[in-house]
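Report on the following structure.
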Amino acid sequence: MKALLLISTLFIGIVCAIPNGPRCRCTPREPCWPSTARWKALNESIDGNLVAVKPVGYVCHDPSFDQDACANITAMQRDSVWRSGEPGALQHINWEAWPAKQESCYIAGDRKIPCGQGRISRYSAVVHTPEHIQHAVRFAARHNLRLVVRNTGHDFLGRSSAPESLQIFTHLMKNVDFTDEFVPEGKRDRRAVGSAVTIGAGVQLAELYEAVGKENKAVVAGFSNTVGAAGGYILGGGHSALGPWKGMAVDNVLEFKVVTARGNHITANDYQNQDLFWALRGGGGGTFGVVTQVTLRTFPDAPLVTAFMNITQLGNANSSYWDGMEKFHAYLPTLSDAGASGYYYMLPNVHLPDFGELAVTSVIFFFANNNIASADKAFAPLLSSLNAIPGLQVDYASEQLPNSASLYQSSLKGSDNTGTVAVLGSRLVSRHFFESRHGPSTLTSVLRKLKYPPGVPVIGHLVAGGQVAKNKDIQVSLNPAWRKTLVHFVISRGWKEDTPLAEQRSIQSNLTNVEVPMLKRLEPDMGAYVNEADPNEKNFQKSFWGSNYGRLYRLKKKWDPRSLFIVRAGVGSEHWDKEGVCRVRGRD
Ligand SMILES: Cc1cc2nc3c(=O)[nH]c(=O)nc-3n(C[C@H](O)[C@H](O)[C@H](O)COP(=O)(O)OP(=O)(O)OC[C@H]3O[C@@H](n4cnc5c(N)ncnc54)[C@H](O)[C@@H]3O)c2cc1C
Ligand SMILES: *[C@@H]1O[C@H](CO)[C@@H](O)[C@H](O)[C@H]1NC(C)=O
Ligand SMILES: *[C@@H]1O[C@H](CO)[C@@H](O)[C@H](O)[C@H]1NC(C)=O
Ligand SMILES: *[C@@H]1O[C@H](CO)[C@@H](O)[C@H](O)[C@H]1NC(C)=O
Ligand SMILES: *[C@@H]1O[C@H](CO)[C@@H](O)[C@H](O)[C@H]1NC(C)=O
Ligand SMILES: *[C@@H]1O[C@H](CO)[C@@H](O)[C@H](O)[C@H]1NC(C)=O
């Protein structure tokens, strides 16, 4: 015991002596915090775009309570469009609060509890240009500030917020430019590599789809309105309904422009800064610099089929429902071979007020570049085997769309429903597993043991296979497990604003210690998708990046030697506490 103590004291001594910066970030209570004059100078350098931030909910709390203003934001609190534009808000309210310090400022919280700043940044640099970003980055480095890159605030791991931080808010960088002959910077022969769209850091998916649709083009991007197209989504890999057709979003990046930790604005592509280009394609948001714009490959748009299916069983889920799930999962490789992609929602525990209990799986699949006859043909054997199970009702419908753009026009409606607490746990499951003899039954027995709060689905994302698998030799830092994946499973959990901290912790801990490990045991060597995962993921380095972690770690040291860009469960974050505020002893 004594020896252990001695050893750990020694380690702390070593950590204090490391040459790459102070142990903790500077906080507002310390003399190192920039003076008013310094903040004013930063403000001037970014053309007056520095904002002192308060959590949006502050008008709903005494002594700053304001009836009209509070009513106003209460009406908007689930609106992700509004949330994306507010430096003082995030999409998932658990990341606005700082439970350890009992600081929160919930819009729907008790008016008498004073508004605490929580994890909302103190200042926001509302940047319009790369130069603004350069000034903010240099300022944060010079003053040893906790720096946060915040785009839409959708992050599920809390990577776009941190206590007592300076925020770089990229939301207003909305440029969208098309070309049919994109020439990457630094390419010697100046020959074009094809058609592409260049988008600013703040462009959101609905905006991208609208622009791309007008050009009769298609682009690989996520299934959401307000998630950012150029920020955390793509830096973490980016899965898409069009992935099985054209690959992961990162497979289709031609070039990034990025402000580095040293404050330089540089280009990363196949011809210059190739190592950074590799790291940015999957290494995770907020880690290797601030991306100012991304160039994505575009494709001629093509007809697309949407197939809907409901598998319904009346009453509480019994073995008929789970037999159906086993058959469904066993059939997924066949659907994948027919070109299917999409999402399914398993809800074994729905309660309809005027109806009663229901177990249902709701499926929405797509067949890109395809026609309705072949989609229906691919589904037919599954429909008959499900119909043979007593007690199941199967409804199927399909629809031919002229192009992928109209899919987004019909299914995406401006806003995403956010503004609640959301924590996720997830796992990538391989095609090999689905095809193995006991795969579908083992999977189903685990799905059956998970807890389903009423109306909360476990979601299966059929977003890999096809071209995602075929692209296995593309050199990107994306988790290599994606190339073997067929389905990305996501469990979500939440709680109310007034749920006691101990109960919040037990929900979170159950996810981390019980539920995610149940899925993980299916295939311990696969992994999880960094953008939709448990913020407390164990052994996150291996889960999120597999064999790519070592190189990512070395490149992190190269491109950010003083660890300016630290995010929860990000590359290099093992040397920091969870908020990225103080260094801790970590693996090296
Ligand atoms: C409703 C919804 C739907 C989703 N659908 C999909 C989907 O279809 N496919 C999919 O793959 N994922 C999906 N996601 C997950 C999504 O990819 C992540 O939430 C992602 O982190 C969002 O990135 P953002 O830039 O919009 O958000 P933010 O929270 O602002 O940023 C996320 C991370 O990226 C960093 N970051 C942001 N901008 C930059 C930049 N310019 N330079 C450097 N770092 C930056 C931030 O620091 C943070 O670490 C969805 C999420 C939600 C909430
Ligand atoms: C920054 O400057 C602008 C314009 O002068 C001003 O409106 C704003 O309040 C300043 N921001 C801060 C944090 O002082
Ligand atoms: C409420 O919102 C509307 C529309 O966004 C705005 O015009 C109005 O000024 C707001 N009212 C208050 C009291 O904030
Ligand atoms: C499951 O419940 C449904 C609806 O009540 C019923 O028709 C079916 O027979 C049940 N299945 C089994 C295996 O009990
Ligand atoms: C599946 O159920 C949903 C919700 O009840 C319904 O809107 C949809 O039309 C159903 N789909 C099919 C194919 O029946
Ligand atoms: C933890 O998860 C297991 C498995 O899903 C579930 O049976 C159990 O009820 C959960 N416990 C809590 C406290 O949520």
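As the structure lists them, so they are numbered: ligands from 1, and atoms in each ligand from 1. Residue numbers start at 1 and run along the sequence shown. From a predicted model like this one, the values you see are computed outputs, not experimental measurements.
For atom 4 (C) of ligand 4, the nearest non-hydrogen atom from the set Leu314, Thr312, Leu392, Ile389 comes from Leu314. Closest to atom 34 (O) of ligand 1 by heavy atom, among Gly202, Ser415, Gly232, is Gly232. With His154, Gln91, Gln204, Arg568 as candidates, the residue nearest to atom 19 (O) of ligand 1 on a non-hydrogen basis is His154.
Counting protein heavy atoms only, atom 2 (O) of ligand 2 is closest to Asn43 ND2, 2.4 Å. Protein heavy atom in closest approach to atom 4 (C) of ligand 1: Val227 CG2, 3.8 Å. Among all protein heavy atoms, the one lying closest to atom 7 (O) of ligand 4 is Gly391 CA, 3.5 Å. Ranking protein heavy atoms by distance to atom 20 (C) of ligand 1, first place goes to Tyr233 N, 3.8 Å. Atom 47 (O) of ligand 1 has as its closest protein heavy atom Val149 O, 2.6 Å. Atom 13 (C) of ligand 1 has its closest protein heavy atom at Glu532 OE2, 3.4 Å. Considering only non-hydrogen protein atoms, atom 13 (C) of ligand 2 sits nearest to Leu50 O, 3.6 Å. With hydrogens left out, the protein atom closest to atom 3 (C) of ligand 4 is Asn318 ND2, 3.6 Å, a heavy atom. Gly153 N, 3.5 Å is the protein heavy atom nearest to atom 28 (P) of ligand 1.
One finds a salt bridge joining Asp251 and Arg483 here, because a Lys/Arg side-chain nitrogen approaches an Asp/Glu carboxylate oxygen to under 4.0 Å.
Only the side chain of Leu235 comes within 4.0 Å of ligand 1, judged by heavy-atom distances. Contacts of Phe288 with ligand 1, taken as heavy-atom pairs under 4.0 Å, are absent altogether.
The N/O atoms of Val291, backbone and side chain alike, include one that comes under 3.5 Å of an N/O atom in ligand 1. Between Ser224 and ligand 1, not a single N/O pair is under 3.5 Å apart. For a threshold of 3.5 Å applied to N or O pairs, the pair formed by Gly286 and ligand 1 contains at least one separation below that value. Close N/O approach between His92 and ligand 1 is not found [any backbone or side-chain N/O within under 3.5 Å]. In terms of N/O distances under 3.5 Å, ligand 1 is not approached by Ala201. The shortest N or O to N or O distance between Thr152 and ligand 1 is below 3.5 Å. Where the criterion is an N or O separation shorter than 3.5 Å, residue side chain and backbone included, Gly228 meets it with respect to ligand 1. Looking at ligand 1, you won't find any N or O of Thr170 less than 3.5 Å from one of its N or O atoms. Note: no N/O pair closer than 3.5 Å links Tyr343 and ligand 1 by distance alone. Residue Asp416 has no nitrogen or oxygen atom sitting less than 3.5 Å from a nitrogen or oxygen atom of ligand 1, judged on distance alone. On a distance-only criterion, Ser319 and ligand 4 share no N/O pair closer than 3.5 Å.
Contact analysis leaves Gly236 out of contact with ligand 1, as no non-hydrogen atom separation drops below 4.0 angstrom. The shell of residues lying under 4.0 angstrom from ligand 1, judged by heavy atoms, excludes Phe565. In this structure, Ser84 has no heavy atom closer than 4.0 Å to ligand 1.
Every atom of ligand 4 is numbered from 1 in the order shown, and the set under 4.0 Å from a heavy atom of Gln313 is 1 (C), 2 (O). In summary, the atoms of ligand 1 found under 4.0 Å from a heavy atom of Asn151, numbered by their order in the structure, are 24 (P), 25 (O), 26 (O), 30 (O), 37 (C), 38 (N).
Between His132 and Phe169, the ring center distance fails the sub-6.0 Å criterion.
Of the protein's heavy atoms, at least one falls inside 4.0 Å of atom 11 (N) of ligand 2.
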